Each structure stands twice: as structure tokens, then as C-alpha cells.
Amino acid sequence: MPELPEVETVKRAIGPLITGNQITHVFVGRKDLRWALPVCLESQLSKAICHAPYRRGKYILIPIGDEQTLLLHLGMSGSIRIYPNRPNLQKHDHFAIGFEGNGWLVFSDPRRFGYIDLFANSDITSHRLLKILGPEPLSEEFTPEYLSKKVEHKTCSIKSFLLDQTKVAGIGNIYASEALFKAGISPKRQAKTIKGKRAERLVPAIQVILKKAIEAGGTSLRDHIQPGGEIGYFVQSLQMYGRGGESCPNCSAAIRVLKQSGRTSFYCGICQR
DNA sequence: AACAAGACCTGCATGC
DNA sequence: TGCATGCAGGTCTTGT
């Protein structure tokens with residue numbers, strides 16, 4: 001489900017509830033998410049103070065106390081909700097934290113592709129899931145020059161390349177399709193051909209799409225909701241994703257659907273070359 | 001080494 | 001109505 005904009009939306013929404021707040025209750029339901037939850041999660045978190053959450057790629061990171069960090073990944077179907085008072089937990093609510101002042105944070109994930117970990121702050125740069133991530137697409141590090149360099153000799157499609165979190169961290173299936181449309185680049189194009197003018201179009205296209213999606217609270221298709229219960233409104237701004245057979249907003253040609261590396265791509269065969 | 005396909009898991013829409 | 005099928009915002013693991 002969640003790509004960078006959805007995760008960023010969640011991070012921003014939970015900040016006011018958890019920052020500087022002390023944990024009073026910890027609930028762990030099913031421990032078999034994508035991987036088994038860390039042992040003693042309850043006792044490790046109990047009574048600790050949470051600090052300001054931040055995001056890396058599609059991961060939410062919450063400093064706990066002085067020495068540890070809680071890592072959350074929402075997988076395909078995960079969501080985080082917040083409540084002013086203790087909620088009645090539902091079937092797929094696998095993890096929940098209660099705070100001083102009665103606020104609650106609930107992690108829900110029907111498909112259980114999500115993941116929760118707790119690790120020492122000293123391991124932040126060596127954590128197996130974090131250390132492989134490429135730069136943030138909204139950072140100064142992600143430039144046309146960086147992209148041109150990384151795609152060298154890559155014969156895979158640019159669409160598959162953009163989904164590789166080790167190259168750039170946070171882009172998923174929706175925003176890859178949207179950004180390629182905005183840049184006028186075919187998802188089938190070999191990655192190594194994205195240099196010069198094409199790279200100069202694609203990098204800002206990615207950045208504009210992601211920023212607008214964040215402003216809209218992300219894209220709600222099936223599972224994504226903002227922690228306060230609001231949906232994400234960027235779904236109304238999607239030009240390609242999920243619109244197979246509809247007319248291209250630019251040239252009116254039928255939007256095409258394609259499978260690449262097991263993922264569906266949507267594109268305009270006229271506007272994207 | 002690089003890439004594509006498979007696997008993980010549940011819920012929902014569709015069609016017979 | 002019931003059942004089978006296919007699909008879904010991710011990504012690690014396996015196979016070619």
C-alpha cells in the first residue's frame with residue numbers, strides 16, 4: 001500500500017501524539033508479521049518516552065527513550081491510526097501503544113506484509129533494512145546527475161529501476177507510473193537510456209508528484225487512511241495509475257496496461273516514449 | 001551479476 | 001448464493 005507520500009503523511013500525523021509522550025500500555029497481537037516481532041517488545045517499550053518520529057524511504061522510525069529506535073513498515077495493506085482514548089481493537093490490529101493522556105496508536109495490517117522492529121540507536125546505520133536504501137528522492141542527493149550515473153549499464157526497464165529501493169528510496173508502483181507519465185518517458189524504456197534531458201525531466205517529475213501527493217495526504221485506494229481517519233485525496237489527481245482503457249488526459253489515446261516484473265504499469269503509448 | 005519470477009497473506013471484485 | 005479466479009500501494013528470496 002503505502003509509498004513515500006503515504007508514509008510521510010502517517011509520520012506527520014502521529015508526531016503530535018507521540019513526541020515527548022510516555023508509553024503507558026503496549027499491546028501485541030499476532031507476532032507473525034512479515035518476520036516475527038522482536039521478543040520482549042512489550043517490556044522494552046513499557047514506560048519509555050517516544051521522541052519525534054521520522055521517515056526513511058517507506059519506513060517510519062520512532063526513537064524510544066535514549067537508546068532505541070522503533071521501526072515500522074506498512075507492507076502492502078498496513079495502516080496506522082490514532083485515537084484520543086483506548087479503542088476497541090479489530091481483527092487485524094496487531095500492535096498498539098497507549099500513551100499518558102490516553103492517546104493510542106494502533107498498527108493494523110490485514111495481509112501482514114508489514115514489519116516491526118526495535119533496535120539500538122548505535123545500529124541505525126547498519127540495520128539490514130536501512131543500510132541498503134538509496135537516497136531520499138526529495139533530498140539534494142537525488143539529482144539528474146545521480147540518476148544518470150546509477151542507470152549506467154542497466155538493461156532493466158526504467159519502471160523496474162524506480163521501484164528498486166536501493167537506487168532511490170520511497171517510490172512505489174503508483175508514483176512510478178505517475179512520474180514517468182509526467183516526464184513523458186515510457187515505462188518500457190531501458191534504464192540506461194535515462195540520461196541527459198530525460199534525467200533532467202524525470203527527477204523533477206518524481207519530486208513534484210511526491211510533494212503534491214504528500215500535500216494531498218497520500219493516495220487512498222483500498223487500505224490507506226490517514227491516522228486520524230481521513231482518506232488521502234491524491235487519488236483524484238492520478239493521471240495514469242488504475243486508469244487502463246481510459247483516455248490520456250494529454251492526447252486522449254487509450255491508456256495502456258503492462259506487466260513489468262510482476263507489477264502493473266499504466267502509460268500512454270503516444271505521450272511516453 | 002543482473003534481472004525476472006516466485007513467494008508471502010488476506011480481502012475484495014468479478015464471473016460462472 | 002456459492003465457489004473459483006485474479007488482483008492489490010511491497011520486497012525478500014529463488015531461479016534463470
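Worth saying up front: this structure is predicted, and the values here are computed from it rather than measured. Reminder, nothing fancy here: chain letters follow the sequence lines and each chain counts from 1.
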Length of the CZ-C1' vector between A:R111 and B:dA7, whole Å: 12 Å
Rounded to the nearest angstrom, tell me the gap between atom CZ in A:R56 and atom P in C:dT11. 12 Å
Considering only side-chain heavy atoms of A:P2, which listed nucleotide, C:dG10, B:dC3, C:dT11, is closest? C:dG10
Could you check whether A:S160 and A:S157, counting side-chain N and O atoms only, form a donor-acceptor pair closer than 3.5 Å? yes
Is NZ or CZ of A:R128 both nearer than 6.0 Å to the six-membered ring centre of A:W35 and within 45° of the ring axis? yes
Figure out the NE2/C1' separation between A:H127 and C:dC12, and round it to whole Å. 14 Å
Compare the aromatic ring of A:F113 with the six-membered base ring of B:dC8 and state whether they stack according to the 5.5 Å and 30° rule. yes
Measure the CD-CD1 distance between A:E136 and A:I171 for me, rounded to the nearest 0.5 Å. 10.0 Å
If a stem is a run of at least 3 consecutive Watson-Crick or G-U pairs, both distances under 3.5 Å, which stems include DNA chain C? B:2-8 with C:10-16, B:10-16 with C:2-8
Interatomic distance where CD belongs to A:E152 and C1' belongs to B:dA2 [whole Å]: 16 Å
Begin from the C-alpha positions of A:R81 and A:Y83 and carry the test side-chain hydrogen bond (donor to acceptor under 3.5 Å, both in side chains) through to its verdict. CA-CA 7 Å; A:R81 304 190 307 279; A:Y83 298 90; 2.3 Å; yes
Side chain of A:R112, base of B:dC9: donor and acceptor closer than 3.5 Å? no
Determine, step by step, whether A:Q68 and A:Q44 satisfy the side-chain hydrogen bond (donor to acceptor under 3.5 Å, both in side chains) criterion, reporting the C-alpha distance in whole Å, the side-chain angles of both residues, the deciding distance to 0.1 Å, and the verdict. CA-CA 9 Å; A:Q68 293 186 300; A:Q44 297 269 333; 2.9 Å; yes
The side chain of A:W35 lies closest to which of these nucleotides: B:dC3, C:dC12, B:dG11? C:dC12
P spacing across the pair C:dC3 / B:dC9, given as an integer number of angstrom: 23 Å
From A:E178 atom CD to A:T219 atom OG1, the distance as rounded to the nearest 0.5 Å: 8.0 Å
On the 0 to 90° scale, with breaks at 30° and 60°, tag the A:F107-A:F95 ring pair as parallel, tilted or perpendicular. perpendicular
Can you tell me how far P of C:dG10 sits from CD of A:E6, to the nearest Å? 9 Å
Salt bridge present between A:R12 and A:E8 (N-O < 4.0 angstrom): yes
Can you tell me if A:R263 touches the phosphate of C:dG10, counting only side-chain N or O atoms and a distance under 4.0 Å to OP1 or OP2? yes
Scan A:Q260 against the nucleic acid and name what it touches under 4.0 Å (heavy atoms): base, sugar-phosphate only, or nothing. nothing
What is the distance, rounded to the nearest whole Å, between atom NZ of A:K154 and atom C1' of B:dA4? 14 Å
Does A:S160 put a side-chain nitrogen or oxygen below 4.0 Å from OP1 or OP2 of B:dC3? no
Is the distance from OP1 or OP2 of B:dA2 to the nearest side-chain N or O of A:H153 less than 4.0 Å? no
A:H94 and A:D32: side-chain hydrogen bond (donor to acceptor under 3.5 Å, both in side chains), yes or no, with the steps? CA-CA 9 Å; A:H94 307 304; A:D32 56 335; over 6 Å; no
Please determine whether residues A:V203 and A:I206 belong to a single hydrophobic cluster, defined as Ile, Leu, Val, Met, Phe, Trp and Tyr linked transitively by side-chain heavy-atom distances below 4.5 Å. yes
With heavy atoms under 4.0 Å as the rule, sort A:L4 into base, sugar-phosphate or nothing. nothing
Within a reach of under 6.0 Å around CD of A:E140, are more than 12 heavy atoms found that belong to other residues, nucleotides or ligands? no
Nucleotides 4-7 of chain C: which of its N/O atoms have a protein N/O under 3.5 Å away?
none

Relative to the ring of A:F234, is the ring of A:Y175 parallel (under 30°), tilted (30 to 60°) or perpendicular (over 60°)? tilted
Counting any heavy atom closer than 4.0 Å, what does A:T155 reach on the DNA or RNA strands: base, sugar-phosphate only, or nothing? sugar-phosphate
Please report whether the ring centroid of A:H73 lies less than 6.0 Å from that of A:Y59. yes
Could you check A:S265 against A:S177 for side-chain hydrogen bond (donor to acceptor under 3.5 Å, both in side chains), going step by step and ending with a plain yes or no? CA-CA 6 Å; A:S265 296; A:S177 276; 4.7 Å; no
If I pick the C1' atom on C:dC12 and the same atom on B:dG11, what distance separates them, to the nearest angstrom? 23 Å
Using atom C1' in both nucleotides, what's the gap between C:dT11 and B:dC12 to the nearest angstrom? 23 Å
Any side-chain N or O of A:S261 below 4.0 angstrom from OP1/OP2 of B:dA4? yes
In whole angstroms, how far is the P atom of B:dG11 from the CG atom of A:D93? 13 Å
Listed nucleotide nearest any side-chain atom of A:H73, set C:dA8, C:dC12, C:dG10: C:dG10
Kindly say if A:H92 contacts the phosphate of B:dG11, meaning a side-chain N or O under 4.0 Å from OP1 or OP2. yes
In whole Å, I'd like the distance from the NZ atom of A:K58 to the C1' atom of C:dG10. 6 Å
Against the side chain of A:Y59, the closest entry in C:dC12, B:dG11, C:dA8 is C:dC12
Below 3.5 Å is the cut-off: list the nitrogen or oxygen pairs between protein and nucleotides 14-16 of chain C, distance only.
none

